[in-house]
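A quick write-up on the structure given underneath.
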Protein chains: 2
Amino acid sequence: MVKMSDVAKLANVSTATVSRVLRSPETVKENTRQKVLSVIEELNYQPNILARHFRRSETNTILVIVPNIMNTVFAEIVGGIEQAAAANGYKVLLRNTNLDVRNEYEAIDHLKQRQVDGMILLSERLEKKTLLEISKQYPVVLASAYIEGLKVPTVSIDNISSSREATEHLIRLGHKRIANICGPLFSSISRDRLKGFKQAVYQNDLEVDSVLIQEGEFTFDSGYNQMLKFLALEVPPTAVFAANDEMAMGAIKAAKENGLKVPEDMAVVGFDNIKFSSMFEPALTTIAQPKYEMGKKAMELLLEQMQGVVHTKIQHVLDTNLVIRDSCGAKKAELV
Amino acid sequence: MVKMSDVAKLANVSTATVSRVLRSPETVKENTRQKVLSVIEELNYQPNILARHFRRSETNTILVIVPNIMNTVFAEIVGGIEQAAAANGYKVLLRNTNLDVRNEYEAIDHLKQRQVDGMILLSERLEKKTLLEISKQYPVVLASAYIEGLKVPTVSIDNISSSREATEHLIRLGHKRIANICGPLFSSISRDRLKGFKQAVYQNDLEVDSVLIQEGEFTFDSGYNQMLKFLALEVPPTAVFAANDEMAMGAIKAAKENGLKVPEDMAVVGFDNIKFSSMFEPALTTIAQPKYEMGKKAMELLLEQMQGVVHTKIQHVLDTNLVIRDSCGAKKAELV
DNA sequence: ATACTAAATGTAATCGATTACATAAACTAA
DNA sequence: TTAGTTTATGTAATCGATTACATTTAGTAT
C-alpha cells in the first residue's frame, strides 16, 4: 500500500507538504502542488482514511437511529438525511432499534467513542434527561417528535395543529359525530395527534364520546379492528380521523366490508401522506408531512452544529398541509 | 480522555495486558483481569475505537449500496442486512445512489480506502468486469439480481421462473390473451421477468402479440399508462402480469376507471409482495420475494467472506412463492 | 543592497491501541 | 532441587496522517 511518505520521497518534498496539498492546497505553491499531485496520480496513492480519522478524531460520519427502516415514513426521512449528508461529504451509519431502548443506548456509545461526529434520532424512546445530557456533549438533532420545552435541536411538524386541521376539515364537511383512531399513546406523536383531534372537537362544541376514541398501533390491522368497534356502536360515527395512513386504510377496508361507502357513508382522513395513500381507493385525504425535507433539514442543522454553530433557534417546525383527495368526501361535496 | 496507559498505570500492569484483557481475556490471569477490569470501571475508560481501527485496519463496518432507500423493497432488504449485521457486531453504512453510477464508484472508494470491511450491492449498475475485479480484492455480496455466469457471491431469487409461475397461474385460470407490463429493460431483473413471461406464453402455445408487452418504469403511473394502452387495443387482453406490485396497482386503477371489474373483467398479477399489496383493493395476487431474508442471507455470506471463507457455492437463489389473493380471480373461480 | 515581512517548506512529535518479541513467573516431572 | 515447559506479563516498535514549531525562501520597501 502506497503511503504518504512514498509520495513525499518521489516528489522530493516532505510529508507535511503532501498533506497540505490534500487538505489545504492554497498554502502550497502552484509548482509543488502540481508536482505532488502528479506523483499521487502516478503512484495511485489513496490516503489512509483510518489514520486520518484517528489523528483528527473525526470521521465525517453521522449516525441515524431509526425505529424501523422498513416503515416508509422513516425511510423517506432517512432518504432526505442521506442526500444532505452525501452532498456535504458525510457518510451515514444506520441503526435500526426495533423499538428496543437498549439499542439506542448502544448506539450512543458510538458517539461517546467518537466513531461518529454526530447523531440524528428519529426515535423518541430516550428519557428527556439523558437526551439533554448527550446533546450538551455531542452534536445531536431530533427529527420527528416535538417535545415540549426540550432544549435539544429538533425538526418536527406540529402534530397538534395538523390533526386539528384534519378534524376541522371533517367538521366543515358537516360531520357531527367524528371518531378518532389514535396511535399508541406511549408515543408523544400519538398523544399530540390525539390532542389536536380533541381540540377541534371541543372548539366546535361537538359531542365528546370517549367510545369514539380508540387506540391503534399505527398498523393496517389495528385500523381495521378499531373501525369494526365503531361500526358496532349503537350510533356509529359518520367520519373517522386516523392518526396515520395505514390505519386509515384499515379503517376504510372495515367500512367497505360492512357495506358502507367511503366517503358517502363514512368519511375518513389519514395522516402522513405516504406514497400509497394516493394509490389507495378511495385515494386518501391526509395530512402531508414533509418527510424528505425533515431529513434534509435535520442533517443541515447537524452539519451546523458539527461546525460549531450554536443554535439559538432550537425547535424547527416544518409546515404540513391537508391533501384533499377522495376519502373525505370534500370533492364530491363541492360538485353537488 | 482516559487512555489505555492511564488504566495500565493505575492497575500496575502494562498497556499490553490491558489490551489483552479487552481483546483476548483468556490469556490473562483471573487476578490481573479482575484488577484491570475494575480500574477500567473506576476510570470509566472507553477505548479509542478510531485508534483500533487504524492499527488493525478494520472497522467492523459494512457498506450497503442501495438505488433508493425510499423504495420499500430495498428498505426491507436493508432491514434484513441491518439486523444480521447488528447481531454480529457490525455497523451498516448506507449509500443511496439514486441510480447514478458515479455514486457507486465513489462508494467503492470506501472499500479501497478500507473505510469498510465489506460491501453489499443492491444495485446493478456496475459493469460485470468491474464487479468481478472488485470482488476479487474485497469482500462483496450482490443482492437482488442474479447475473448469469458472474462469479461474485450473489443472493437472489429466480426472476425468470417466478414470473413464469405468475403467468402460468393466469393461464391455468383460462386466460388466452395475457399482457405484460415489464420493468425498464436496462435492468436485468426486468429482462428476466419478461423472459419468464414469454416462456410461459410460448410453452402454452398462446398467441404472442408484441403489442401486449409494454415497458413500464416500476412506478404506479407507468402501470396506469400502459394499461390504458392495452385497453385501447381492438382486442384488449383479459389478464395482465405486471413486473412489480406498484405497476399492478396502477394497471388496476386504469382498468377500474374504464369500467372494468378486477378480476372479473381483467385479472392482474403483480410481483414483490410489498406490504401494501394486501391492503390494496382488490388485494393483489403476487410473487412474494423473501426481501428481509435476502438481506439477512447476504449479510451472512458477507460475514463469512470477511472471515476468510472462500465460497464454493456462489449463487444463492432463495425461494419465492405465489400469493393468491383477489386480483387474479382464482378465489372466485374456485368458489364457482 | 539591506533589513524586514510574508510565504513556503521541512522536522519531528503526536494521536492511542495493538502485537512481535523478550522476559519473568508458575508449573511439571523426574 | 533442577531442568524443561507452559503461562503470564512487559517492552517498545508500529500503524500513517497531521500539525506545532522551526527553518528556509521569496518578496517588499527603503
Side-chain angles (χ1 to χ4, degrees), chain A residues 1-40 43-61 89 91 109-117, chain B residues 1-40 43-61 89 91 109-117:
Chain A
M1 196 96 278
V2 184
K3 56 176 100 161
M4 192 174 272
S5 55
D6 299 327
V7 174
K9 204 181 295 170
L10 197 58
N12 248 311
V13 295
S14 69
T15 58
T17 299
V18 178
S19 179
R20 286 188 195 104
V21 167
L22 293 169
R23 299 196 57 82
S24 41
E26 70 283 359
T27 66
V28 179
K29 240 205 311 191
E30 176 67 16
N31 253 351
T32 15
R33 186 170 58 217
Q34 290 309 331
K35 191 171 50 180
V36 169
L37 285 175
S38 79
V39 172
I40 286 178
L43 298 182
N44 189 24
Y45 164 71
Q46 297 259 18
N48 182 323
I49 306 285
L50 299 183
R52 175 183 294 172
H53 288 171
F54 169 48
R55 179 55 224 247
R56 297 182 48 87
S57 52
E58 63 182 46
T59 58
N60 286 313
T61 305
K91 290 154 278 172
D109 283 342
H110 289 348
L111 259 186
K112 292 189 179 162
Q113 293 164 170
R114 308 195 177 287
Q115 294 194 59
V116 293
D117 300 343
Chain B
M1 196 97 277
V2 184
K3 57 176 101 162
M4 193 175 270
S5 55
D6 299 326
V7 175
K9 204 180 297 169
L10 197 58
N12 248 312
V13 295
S14 70
T15 57
T17 300
V18 178
S19 180
R20 286 188 195 104
V21 168
L22 293 170
R23 297 196 59 82
S24 42
E26 70 284 358
T27 66
V28 180
K29 233 197 328 183
E30 176 66 17
N31 253 351
T32 16
R33 186 168 59 219
Q34 290 310 331
K35 191 171 52 181
V36 169
L37 285 174
S38 79
V39 172
I40 285 178
L43 298 181
N44 189 24
Y45 165 71
Q46 298 258 18
N48 182 325
I49 306 284
L50 299 182
R52 175 182 295 170
H53 288 171
F54 168 46
R55 180 56 223 250
R56 298 181 48 89
S57 53
E58 63 181 49
T59 58
N60 287 313
T61 305
K91 290 155 278 174
D109 283 342
H110 289 349
L111 258 187
K112 294 189 177 160
Q113 293 166 169
R114 308 195 178 287
Q115 293 193 59
V116 293
D117 300 343

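Quick note on labels: first sequence line is chain A, next is B, and so on, each numbered from 1.
In this structure a side-chain-to-backbone donor-acceptor pair under 3.5 Å is missing from A/R114 to B/L50. Judged by distance alone, with hydrogens and angles left aside, the side-chain atoms of A/T59 form a donor-acceptor pair with the main-chain N or O of A/Q115 at under 3.5 Å.
Distance CG/B/L22 to OH/B/Y45: 6.0 Å, rounded to 0.5 Å. Considering CG of B/N48 and NE2 of A/H53, their distance stands at 12.5 Å, rounded to 0.5 Å. The OG atom of A/S57 lies 9.0 Å from the CG atom of A/D117; values are rounded to the nearest 0.5 Å. Note: B/L43 CG to B/S38 OG = 9.0 Å, rounded to the nearest 0.5 Å. The CD atom of B/Q46 sits 10.5 Å away from atom CD1 of B/I40, with the distance rounded to the nearest 0.5 Å.
Helix-axis bend for the helix from C/dA1-D/dT30 to C/dA30-D/dT1: the local axis fitted to the five terminal pairs at one end deviates from that at the other end by 20°, rounded to 10°.
Put simply, chain A comes within 4.0 Å of DNA chain C, heavy atom to any atom, from C/dA8 to C/dG16, going 5' to 3'.
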Dump the pairs, protein N or O against N or O of nucleotides 5-9 of chain D, anything under 3.5 Å, distances to one decimal.
from, atom 1, to, atom 2, distance (Å)
D/dT9, OP1, B/T32, OG1, 2.6
D/dT9, OP2, B/K29, N, 2.9
D/dT9, OP2, B/T32, OG1, 3.2

Enumerate, atom names and distances included, each donor-acceptor pair closer than 3.5 Å involving a side-chain atom of residues 14-21 of chain B, sequence neighbours excluded.
from, atom 1, to, atom 2, distance (Å)
B/S14, OG, B/A16, N, 3.4
B/S14, OG, B/T17, N, 3.4
B/S14, OG, B/T17, OG1, 3.4

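A heavy-atom distance below 4.0 Å to DNA chain D is reached by these residues of residues 50-57 of chain B, ordered by number: B/F54, B/R55.
Partner A/T32 forms a side chain to side chain contact (heavy atoms under 4.5 Å, CB included) with one of A/Q34, A/K35, A/E30 and no other, that one being A/K35.
Pairs of residues two or more places apart, or lying in two chains, that qualify as salt bridge (charged side-chain N to carboxylate O under 4.0 Å, His left out) and include a residue from residues 48-58 of chain A are A/R56-A/E58.
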Where do B/D109 and B/K112 land on the side-chain contact (heavy atoms from CB on, under 4.5 Å) test, with the steps shown first? CA-CA 5 Å; B/D109 283 342; B/K112 294 189 177 160; 4.2 Å; yes
